[in-house]
Amino acid sequence: MSRFDIPANIVEQTRLAHSIFLLTVNAPAIMDSANPGQFCMLEVQDDNSRDPLLRRPLSIYKTGSNGKISFLYKEVGKGTRLLSKRRPGEIIRVLGPLGQGFRLIHDCPSILVGGGLGVASLLLLAQRIKQPHRLIVLIGAKNASEIPTIEDFSRLTRYLHIITEDGSLGQRGVITELLNQTLQKITDMAQIYTCGPWSMMKAVYHMARKRNIPCQVSLEAAMACGTGLCLGCAVPKSNSQGFLHVCQEGPVFDADQVHWG
Amino acid sequence: MSRFDIPANIVEQTRLAHSIFLLTVNAPAIMDSANPGQFCMLEVQDDNSRDPLLRRPLSIYKTGSNGKISFLYKEVGKGTRLLSKRRPGEIIRVLGPLGQGFRLIHDCPSILVGGGLGVASLLLLAQRIKQPHRLIVLIGAKNASEIPTIEDFSRLTRYLHIITEDGSLGQRGVITELLNQTLQKITDMAQIYTCGPWSMMKAVYHMARKRNIPCQVSLEAAMACGTGLCLGCAVPKSNSQGFLHVCQEGPVFDADQVHWG
Amino acid sequence: MINQKKTIPVCPDLSINIGTLRLKNPVLLASGTCGYGMELDGLLDLDKLGGIIIKGLSIRPRSGNPPPRLAETPCGLLNSIGLENIGIEVFIRDKLPCLRNIQTSLIVNILGNSVEEYFEMAKRLDREEGIEAIEVNISCPNVKAGGIAFGTDPEAAASVTHAVKKATGLPVIIKLTPNVTDITEVARKVASAGADAISLINTLLGMAIDIKFRRPALANVFGGLSGPAIKPIALRMVWQVVRAVDIPVIGIGGIITPDDALEFLMAGARAVQIGTATLIRPSTAEDLPAGIRDYMRANNIKNVENLRLPA
Amino acid sequence: MINQKKTIPVCPDLSINIGTLRLKNPVLLASGTCGYGMELDGLLDLDKLGGIIIKGLSIRPRSGNPPPRLAETPCGLLNSIGLENIGIEVFIRDKLPCLRNIQTSLIVNILGNSVEEYFEMAKRLDREEGIEAIEVNISCPNVKAGGIAFGTDPEAAASVTHAVKKATGLPVIIKLTPNVTDITEVARKVASAGADAISLINTLLGMAIDIKFRRPALANVFGGLSGPAIKPIALRMVWQVVRAVDIPVIGIGGIITPDDALEFLMAGARAVQIGTATLIRPSTAEDLPAGIRDYMRANNIKNVENLRLPA
Ligand SMILES: Cc1cc2nc3c(=O)[nH]c(=O)nc-3n(C[C@H](O)[C@H](O)[C@H](O)COP(=O)(O)OP(=O)(O)OC[C@H]3O[C@@H](n4cnc5c(N)ncnc54)[C@H](O)[C@@H]3O)c2cc1C
Ligand SMILES: Cc1cc2nc3c(=O)[nH]c(=O)nc-3n(C[C@H](O)[C@H](O)[C@H](O)COP(=O)(O)OP(=O)(O)OC[C@H]3O[C@@H](n4cnc5c(N)ncnc54)[C@H](O)[C@@H]3O)c2cc1C
Ligand SMILES: Cc1cc2nc3c(=O)[nH]c(=O)nc-3n(C[C@H](O)[C@H](O)[C@H](O)COP(=O)(O)O)c2cc1C
Ligand SMILES: Cc1cc2nc3c(=O)[nH]c(=O)nc-3n(C[C@H](O)[C@H](O)[C@H](O)COP(=O)(O)O)c2cc1C
Ligand code: FES
Ligand code: FES
């Protein structure tokens with residue numbers, strides 16, 4: 001487990017939609033060891049200021065050539081707002097790659113289910129799937145502007161299905177409908193990988209369990225360290241015996257391990 | 001007394017020397033009512049961060065055309081460091097003009113004595129002196145790079161004398177020598193206006209008092225509000241009876257009022 | 001999430017009561033950070049506020065502590081002004097007449113070094129028109145008890161409350177110091193002694209050191225910590241005291257945005273005071289009533305007291 | 001200004017003593033923010049530090065509080081981990097063997113719900129090799145005394161100290177909670193009861209409210225506030241306690257930079273602990289010894305104790 005805390009040069013900061021940004025930094029060491037589903041902790045703020053105090057966790061969206069890694073993020077509060085104001089040429093400290101990513105299960109269809117910005121942890125996974133002809137990607141969102149990076153996925157699979165609540169892109173409806181349609185067509189064993197809002201992942205997990213399909217989920221929790229030091233990122237275990245720690249044992253878990261409430 | 005708290009557009013941010021900057025913002029209302037020796041309180045930081053918490057006081061160095069005002073400042077700590085990173089096009093909140101500036105005394109030679117960045121509060125004064133042929137400007141500094149805006153003064157008077165401790169500009173020595181030379185040549189009544197380090201102003205005052213020349217000093221103190229609300233910017237009165245408040249009764253005082261310690 | 005309920009929008013009522021005092025909204029300026037009011041001329045429209053609490057007054061003028069009196073800390077401000085003020089008589093003569101014209105409630109903050117001083121001042125203010133309530137700062141040293149602050153000794157706090165209540169018919173707000181083990185103990189004593197309301201918190205005792213000059217940053221060594229840094233502590237104390245006494249609580253500590261104010265109102269505060277934020281941006285308080293109203297409207301909450309969270 | 005003196009540069013000695021414990025420099029990692037040490041592998045060179053203080057251990061494993069357990073505040077962090085830990089036996093079996101290899105002093109932090117638990121744990125640790133001192137967290141609820149923290153009751157704090165001292169020959173450091181009216185009272189009691197050193201401060205009790213979801217931000221409602229926000233309070237308490245007791249004091253609270261550490265050492269702390277800063281940037285502590293040394297050299301200060309300011 002190699003992790004690096006790097007003062008990284010910002011290479012690109014692009015607004016893709018109203019509040020969605022793609023940030024690319026130069027961090028060769030992190031790039032080299034990044035696995036799908038892992039994340040980094042980013043110092044959003046200048047060193048001369050301690051507010052906000054904590055770094056922000058972001059999934060590794062892309063690894064480019066020449067040591068570049070990209071993050072796909074949404075401006076939701078003051079940390080991401082400050083982050084979005086950082087400009088190319090500025091230095092930003094990035095700690096990663098962190099956590100346990102997805103375990104790649106080959107030899108069966110891979111179904112990736114992303115809700116909104118949940119796609120941020122799925123692209124690297126989609127790229128690493130060994131049998132691209134058995135890669136199915138399902139993406140759901142409120143509207144088209146929430147998922148501005150669809151082409152990144154369409155390049156990787158013919159089986160890309162999109163659904164939006166307002167019908168502005170793909171089908172109209174919610175992602176569980178897509179998953180239902182997909183699962184009805186699947187006859188052999190499969191593996192579901194999902195990332196998105198808690199309630200969506202919960203629904204995905206229940207559908208998977210009904211069909212006995214293993215399901216890996218990528219969880220979020222408020223984090224202070226991202227490295228297992230503080231024990232702050234707890235999520236209840238399914239057996240009600242204590243807690244999982246998202247940054248260290250996760251962020252990816254077998255959905256069975258999690259107490260979904 | 002009109003004061004304005006304006007979200008001002010940054011027009012220029014120029015590094016004049018290693019740690020000295022000229023910041024120009026667009027703030028017409030403040031420009032219109034600015035008097036020599038007055039200052040502004042600047043929010044150095046983005047609104048999404050509360051550290052540093054306080055604004056920073058800076059003297060109004062220049063008022064330009066089209067509602068522009070400029071500040072000449074030195075990077076000394078985290079506030080000024082953050083300020084120096086703000087770029088043209090960004091918005092910065094500026095509150096001013098604040099305080100009691102210099103009282104202009106006409107009909108006699110005006111001797112302006114500036115130490116280092118103390119010149120920041122003297123340019124506007126030099127411009128407003130009604131009898132430019134009786135304007136004498138003495139500037140002292142450690143070295144030339146501490147006083148990168150000499151031309152602003154040389155444009156206004158023939159009687160500009162410069163002294164640096166290392167001789168890198170003008171004479172070699174300290175400002176009191178210059179003042180001594182000057183005072184020996186002055187026969188009639190005069191008025192001294194000074195701004196610089198405390199110890200320098202103290203020496204200037206003592207020289208002035210010996211010759212019975214009135215002396216106005218521009219003081220600094222740690223400030224929270226700059227508007228008389230907090231009573232934090234206290235400086236002991238000469239009669240040891242309580243305190244002067246730099247932001248409200250000053251920053252310019254008759255040197256006689258101050259307890260020099 | 002409450003703000004997704006689709007109901008007929010209410011018109012929120014921002015007015016509140018503190019004892020017999022009625023404020024048009026729950027936003028006040030905190031003592032010591034708004035001078036005597038006039039300093040804010042042109043920078044803040046006082047009329048938009050629920051009230052203003054004047055700089056703490058003592059029986060005689062005080063010149064305060066020597067400088068440096070201020071030090072900035074992470075998200076905080078240390079001050080050791082030393083309660084500099086013009087004294088109650090000069091205030092009544094020079095400041096009060098103008099203050100009578102403002103369209104917001106005027107509350108006077110007092111401080112004393114003995115129970116008698118508090119009594120005298122409250123009695124004196126009771127005679128003057130235009131003052132709507134008295135806020136009592138009990139963070140001051142009790143000279144008779146060897147200089148321990150009244151506010152850190154529940155019995156002494158109760159004595160001050162008693163004395164002030166006896167001296168005046170005006171609503172009496174006791175302002176507590178947070179530098180205690182159990183804030184609810186002091187609050188209960190003060191409530192039983194007849195206080196009409198409690199405001200908290202005053203500043204936390206802190207210090208900073210200037211490592212360049214190798215000396216404490218404040219001439220007085222210790223100072224009071226205020227600003228956003230203390231908000232979590234203030235909020236916790238407000239939450240505790242609201243659940244310990246039956247009188248209204250006014251929350252203070254690090255409030256800058258409407259969201260900050262809402263945190264305190266949800267903790268159960270009846271009103272809030274804005275201190276350090278006014279120093280940084282004089283107009284801060286002006287925007288809070290509208291911000292609070294917007295939130296209440298969006299969440300279909302009719303009046304301020306309904307913001308309070310259960311438990 | 002001292003740093004303008006022109007004298008022969010000294011070679012500062014950073015080593016310090018805490019009772020019989022000798023540390024190579026005064027920078028330690030604070031309990032609860034460095035896990036069991038191994039979590040920092042590759043991110044921080046432990047060997048460069050004076051010591052590391054392990055996550056607080058209890059007699060049996062504890063699973064801690066339900067989430068959310070963290071909330072960010074201005075320059076601060078609220079946590080309600082609830083003292084989750086693997087328990088003393090698992091620690092000794094699984095973690096201690098590896099920790100024996102690190103080239104820095106290992107201090108174990110313990111917590112209990114009764115004097116007996118503290119006694120048992122200290123006795124248990126006394127038998128193990130590789131542990132150089134015990135730090136006792138007395139911010140825990142005293143179950144027998146109705147749940148008030150040991151640390152807020154000077155007598156209870158003294159009892160714990162007594163018990164732990166009786167149980168072990170290792171240096172005993174008592175870690176105080178700042179949530180008290182008079183920190184010097186607790187410190188004096190603990191010193192008289194035989195503590196070899198005092199460390200302070202633990203976190204300040206605070207809370208935050210999530211106004212979007214209209215509930216306390218932490219599931220546990222209250223949490224402990226740490227980080228730069230609390231530095232002025234920590235520094236003040238260190239200053240007070242250093243001047244109230246004769247045993248060494250270890251300063252904790254919001255330290256990030258060498259300048260922060262120097263403030264505590266000037267207040268009179270013998271050493272410092274780095275907590276929240278390690279969470280934010282794991283390597284923080286590594287740079288502090290060099291930063292402190294640079295300052296000492298520039299100011300011609302020979303050893304850490306000479307940093308202390310008079311009065
Ligand atoms: C392992 C991990 C990977 C993540 N990857 C991504 C990513 O690739 N792209 C992306 O846009 N976001 C991602 N997130 C979420 C991201 O970290 C948060 O949106 C961000 O920290 C919010 O910071 P802020 O200061 O802008 O918002 P805040 O002001 O802190 O909060 C604003 C709002 O966001 C909520 N929020 C804050 N932190 C989190 C969190 N960790 N999880 C869920 N809600 C939160 C708050 O409750 C609040 O409602 C990830 C989170 C984790 C734990
Ligand atoms: C009325 C007034 C007008 C001023 N005009 C100018 C100006 O035109 N140009 C300019 O460069 N500076 C000016 N100053 C000083 C300027 O305000 C400070 O340098 C600045 O606030 C420092 O902020 P900082 O965060 O960078 O430094 P900090 O990190 O706060 O402090 C760094 C160092 O500077 C010292 N310092 C901090 N504030 C002050 C202060 N107010 N006075 C003296 N020393 C201080 C500290 O003791 C410390 O040693 C003025 C100050 C006042 C009161
Ligand atoms: C400069 C300053 C002066 C103060 N003076 C007084 C005072 O005279 N009387 C009083 O009761 N509180 C005084 N306070 C405390 C404030 O009223 C308030 O309780 C405290 O600052 C916390 O609120 P804040 O974080 O919003 O500033 C003062 C605070 C500051 C910063
Ligand atoms: C997440 C977290 C967990 C902590 N756990 C413990 C603990 O188990 N035992 C203890 O004595 N202190 C614990 N503390 C307190 C720290 O050791 C330290 O006293 C406090 O955080 C103040 O220092 P700081 O501002 O540098 O973080 C914890 C602090 C944090 C932030
Ligand atoms: S965020 Fe600190 S342990 Fe997971
Ligand atoms: S800085 Fe607040 S009164 Fe002068």
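Lettering of chains follows the sequences in order, A, B, ..., and the numbering in each one begins at 1.
Neither the backbone nor the side chain of D:Pro310 comes within contact range of chain C; no heavy atom of the residue lies under 4.5 Å from a heavy atom of that chain. Of the two parts of D:Leu235, the backbone and the side chain both hold a non-hydrogen atom closer than 4.5 Å to a non-hydrogen atom of chain C. In this structure, no portion of D:Val238 lies under 4.5 Å from any heavy atom of chain C. With a 4.5 Å cut-off on non-hydrogen atoms, C:Pro216 touches chain D through its backbone and its side chain both. Residue contact with chain C, scored on non-hydrogen atoms closer than 4.5 Å, involves the side chain of D:Leu225 exclusively. Neither the backbone nor the side chain of D:Phe264 comes within contact range of chain C; no heavy atom of the residue lies under 4.5 Å from a heavy atom of that chain. Residue D:Leu78 touches chain C through its side chain alone, counting heavy-atom pairs closer than 4.5 Å. With a 4.5 angstrom heavy-atom cutoff, D:Ala267 touches chain C via backbone and side-chain atoms both.
Between atom CG of residue C:Leu204 and atom CD1 of residue D:Ile230 there is a gap of 11.0 Å, rounded to the nearest 0.5 Å. Atoms NZ and CG, from D:Lys212 and C:Leu262 in turn, are 14.5 Å apart once rounded to the nearest 0.5 Å. Interatomic distance, C:Met266 CE to D:Asp210 CG, rounded to the nearest 0.5 Å: 8.5 Å.
In plain terms, the two heavy atoms of D:Arg236 and C:Leu205 that are nearest each other are NE-O, 2.9 Å. In plain terms, the two heavy atoms of C:Val180 and D:Thr181 that are nearest each other are CA-OG1, 3.2 Å.
Side-chain N or O atoms of C:Arg214 include one that pairs as donor or acceptor with a backbone N or O of D:Leu307 at under 3.5 Å.
Your options are D:Ile211, D:Thr73, D:Ile233, and the one with the most heavy-atom pairs under 4.5 Å with chain C is D:Ile211. Between chain C and the options D:Gly206, D:Pro232, D:Ala229, D:Ala311, heavy-atom pairs under 4.5 Å are most frequent for D:Pro232.
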